[in-house]
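Before any comments, here is the structure.
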Amino acid sequence: MKGAVALVGLILTCTSVFISNRKLPKSRSPSAAKLRQLGLAALAFCVVFLLAWAVNLPKFLAVTHPEVVRTKALAREQCRIAVSQNDMLTAEQLIRNNTVGVELAKKFNKQARQSLDRTLRRVNNVIFFNVGVLTSVLPFLVLMFVSVGSFVHPKLAFLKAIEPPREIWPVVLPAVNAATTAAVVVYCGFYFWLEEKQVTSCMLLSGHWYTYVLTTFCCLIVFVHLLCHRDIVAYIPLSTWYGGWFAAYQALALRVLKTSQEYYHDDKESSQGVLSALCSLSVEWMRQALALRV
């Protein structure tokens with residue numbers, strides 16, 4: 001059901017981006033210098049997160065509740081027995097059972113003092129980890145809907161008052177195209193490959209870490225893309241504004257990952273999420289390089 005909701009949202013976003021590409025100013029072909037810079041950024045990212053996976057970075061972010069660690073290890077062991085007996089239904093039920101973590105999290109939330117940080121974690125979990133990699137261009141999607149909506153329907157004409165300058169679109173629209181393409185790749189990779197692989201390998205992966213790594217990659221690529229074209233719309237500091245958005249995402253998303261690490265996934269599942277995201281990057285990077293046509 002969750003996959004169906006995500007698919008509907010993805011289709012609506014793709015449709016909106018397609019309409020925007022027909023309405024907004026077009027971009028130019030990529031330069032060799034820009035492709036080199038994007039390539040170096042992607043390579044640096046992969047090296048950093050490969051090292052993060054090698055040292056098991058999620059383990060240092062937060063300590064998983066001992067009861068969750070115990071039940072996760074037992075579930076993996078029982079899952080392997082079920083797979084060896086070709087009982088895939090039982091294997092899936094075992095590996096996806098997270099009742100202990102959910103109950104512990106509920107108990108903690110009920111007893112713990114409420115704070116702004118804990119409230120923001122719940123809100124940011126809904127926003128960042130449901131929007132997924134499109135979080136990397138979420139501010140631009142809002143601007144795009146404002147620009148297109150202002151002349152799509154007469155009742156939305158009031159949006160012209162907050163419509164951004166059209167000069168930004170030859171720079172911004174390729175970033176939106178790239179992130180949208182990445183979202184399609186991520187969706188297909190997760191729901192048509194990793195969903196089944198988690199059961200057959202008896203290793204659940206953290207969808208939060210998977211999403212975080214890929215979204216961070218998209219944010220980095222968009223940031224470098226904007227830096228390459230900061231002279232085109234010099235009077236609008238897009239790269240500076242976007243740098244603030246990138247930093248805010250990191251600060252807020254890591255707090256959500258901390259909660260996920262404490263009650264929902266142990267370090268093995270979190271590391272598997274990082275590794276699966278890195279495996280998806282080879283396809284995603286090729287598609288982003290084609291989509292960023294400025």
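Values below: all heavy atoms of this structure, side chains included; hydrogens, waters and symmetry mates excluded. Please read all numbers here as calculations on a predicted model, not as lab measurements.
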Between V131 and L254, is there a shared hydrophobic cluster once you connect ILVMFWY residues whose side-chain heavy atoms come closer than 4.5 Å? yes

Check whether any side-chain heavy atom of Y242 sits under 4.5 Å from a side-chain heavy atom of S136, and report yes or no. yes

To the nearest 0.5 Å, what is the distance between CD (Q198) and CD (E196)? 10.0 Å

Verdict with reasoning, N177 to L173, per side chain to side chain contact (heavy atoms under 4.5 Å, CB included): CA-CA 6 Å; N177 292 339; L173 199 55; 4.2 Å; yes

In one Ile/Leu/Val/Met/Phe/Trp/Tyr side-chain cluster, 4.5 Å: L257, V123: yes

Among side-chain atoms of S206 and Q272, is any donor-acceptor pair under 3.5 angstrom? no

Under 3.5 Å: donor-acceptor pair, side chain of N125, backbone of F128: no

Atom CG of L43 and atom CZ of R36: how far apart are they, to the nearest 0.5 Å? 14.5 Å

What's the shortest heavy-atom distance between D266 and T64, and which atoms? CA-OG1, 3.6 Å

Residues E77, K72: salt bridge by 4.0 Å N-O rule: no

Please name the pair of heavy atoms, one in A277 and one in L214, separated by the smallest distance, quoted to 0.1 Å. O-CD2, 3.5 Å

Does any non-hydrogen side-chain atom of L94 lie less than 4.5 Å from one of T90? yes

Go through Q114 and T119 one step at a time and tell me if the side chain to side chain donor-acceptor pair (under 3.5 Å) criterion holds. CA-CA 7 Å; Q114 293 303 307; T119 302; 4.5 Å; no

Does S280 reach the main-chain N or O of S276 with its side chain, forming a donor-acceptor pair under 3.5 Å? yes

For a 4.5 angstrom cut-off between non-hydrogen side-chain atoms, does T215 reach F129? no

Measure the spacing between CZ of R76 and OG1 of T71 and express it to the nearest 0.5 Å. 9.0 Å

Check whether any side-chain heavy atom of M144 sits under 4.5 Å from a side-chain heavy atom of L141, and report yes or no. yes

T259: which residues meet the side chain to side chain donor-acceptor pair (under 3.5 Å) condition with it, sequence neighbours left out? R121

Do D117 and S115 meet the criterion of a side-chain donor-acceptor pair at a distance under 3.5 Å? no

Which hydrophobic side chains are connected to L74, either touching it within the sub-4.5 Å cutoff or through other members that do? none

What side chain to side chain donor-acceptor pair (under 3.5 Å) pairs are there with at least one residue in residues 39-52, not counting sequence neighbours? none

Got a sec, which residues hit ring pair (Phe, Tyr, Trp, His ring centres under 6.0 Å) with F246, two or more places apart in sequence or on another chain? none

State, yes or no, whether a side-chain contact exists between F217 and V213 at a heavy-atom distance under 4.5 Å. no

Residues joined to F108 in its hydrophobic cluster, side chain to side chain under 4.5 Å directly or through other members, sorted by chain and number, are V68, V100, V102, L104, Y263, Y264

Indicate whether any N or O donor in one side chain lies under 3.5 Å from an N or O acceptor in the other, for Q261 and S270. yes

Interatomic spacing from SG in C228 to CG in L38 - rounded to 0.5 Å: 5.5 Å

Using side chain to side chain contact (heavy atoms under 4.5 Å, CB included), reason through F140 and V222 one step at a time and then give a plain yes or no. CA-CA 11 Å; F140 300 144; V222 172; 4.1 Å; yes

C79 meets the disulfide bond (SG atoms under 2.5 Å apart) criterion, sequence neighbours left out, with C202

Scan for ring-ring contact (aromatic ring centres under 6.0 Å, His included) pairs involving residues 61-96, sequence neighbours excluded, and state none if there are none. none

Over 60° means perpendicular and under 30° means parallel, so tell me whether Y187 and F192 are parallel, tilted or perpendicular. perpendicular

Exam field: side chain H208 to backbone G273, donor-acceptor pair closer than 3.5 Å: no

Side chains of R122 and N109, heavy atoms from C-beta outward: is any pair under 4.5 Å? yes

Step by step, work out the side chain to side chain contact (heavy atoms under 4.5 Å, CB included) result for L238 and I168. CA-CA 9 Å; L238 284 175; I168 72 170; 4.2 Å; yes

Which residues satisfy the side chain to side chain donor-acceptor pair (under 3.5 Å) test with T200, sequence neighbours excluded? none

Over all heavy atoms of both residues, which pair between A41 and L220 is shortest? Give the atoms and the distance, please. O-CD2, 3.5 Å

Does L143 belong to the same Ile/Leu/Val/Met/Phe/Trp/Tyr cluster as I127, with side-chain heavy atoms less than 4.5 Å apart forming each link? yes

Please give the remaining members of the hydrophobic cluster of L120, linking ILVMFWY side chains under 4.5 Å, ordered by chain and number. L116

Hydrophobic cluster (4.5 angstrom, side-chain heavy atoms) - remaining members for I95: V83, M88, V199, L204

Hey, does the side chain of N130 reach the backbone of V126 with a donor-acceptor pair shorter than 3.5 angstrom? yes

Taking distance alone, no hydrogens or angles, what donor-acceptor pairs closer than 3.5 Å link side-chain atoms of residues 45-62 to residues at least two apart or in another chain?
residue	atom	partner	partner atom	Å
N56	OD1	S271	OG	2.5
N56	ND2	D267	OD2	2.7

Should the ring pair Y212 and Y249 be called parallel, tilted or perpendicular, given that the plane angle runs from 0 to 90° and is split at 30 and 60? parallel

Can you give me the closest heavy-atom contact between P139 and T135, atom names plus distance? CD-O, 4.3 Å

Please step through side chain to side chain contact (heavy atoms under 4.5 Å, CB included) for the pair R255 and L252, ending with a clear verdict. CA-CA 5 Å; R255 299 303 293 167; L252 296 172; 5.7 Å; no

Can E103 and K107 be counted as an ion pair, charged N to O under 4.0 angstrom? no

Kindly write out the residues that satisfy side chain to side chain donor-acceptor pair (under 3.5 Å) with R70, not counting sequence neighbours, or none if the list is empty. E67

Close side-chain approach of C188 to V184, heavy-atom, < 4.5 Å: yes

Which pair of heavy atoms, one from A182 and one from V133, lies closest together, and at what distance? C-CG2, 4.0 Å

Within the 3.5 Å criterion, strictly below it, is a donor on H265 or N98 matched to an acceptor on the partner's side chain? no

Indicate yes or no: at least one non-hydrogen side-chain atom of K268 is less than 4.5 angstrom from one of M203. yes

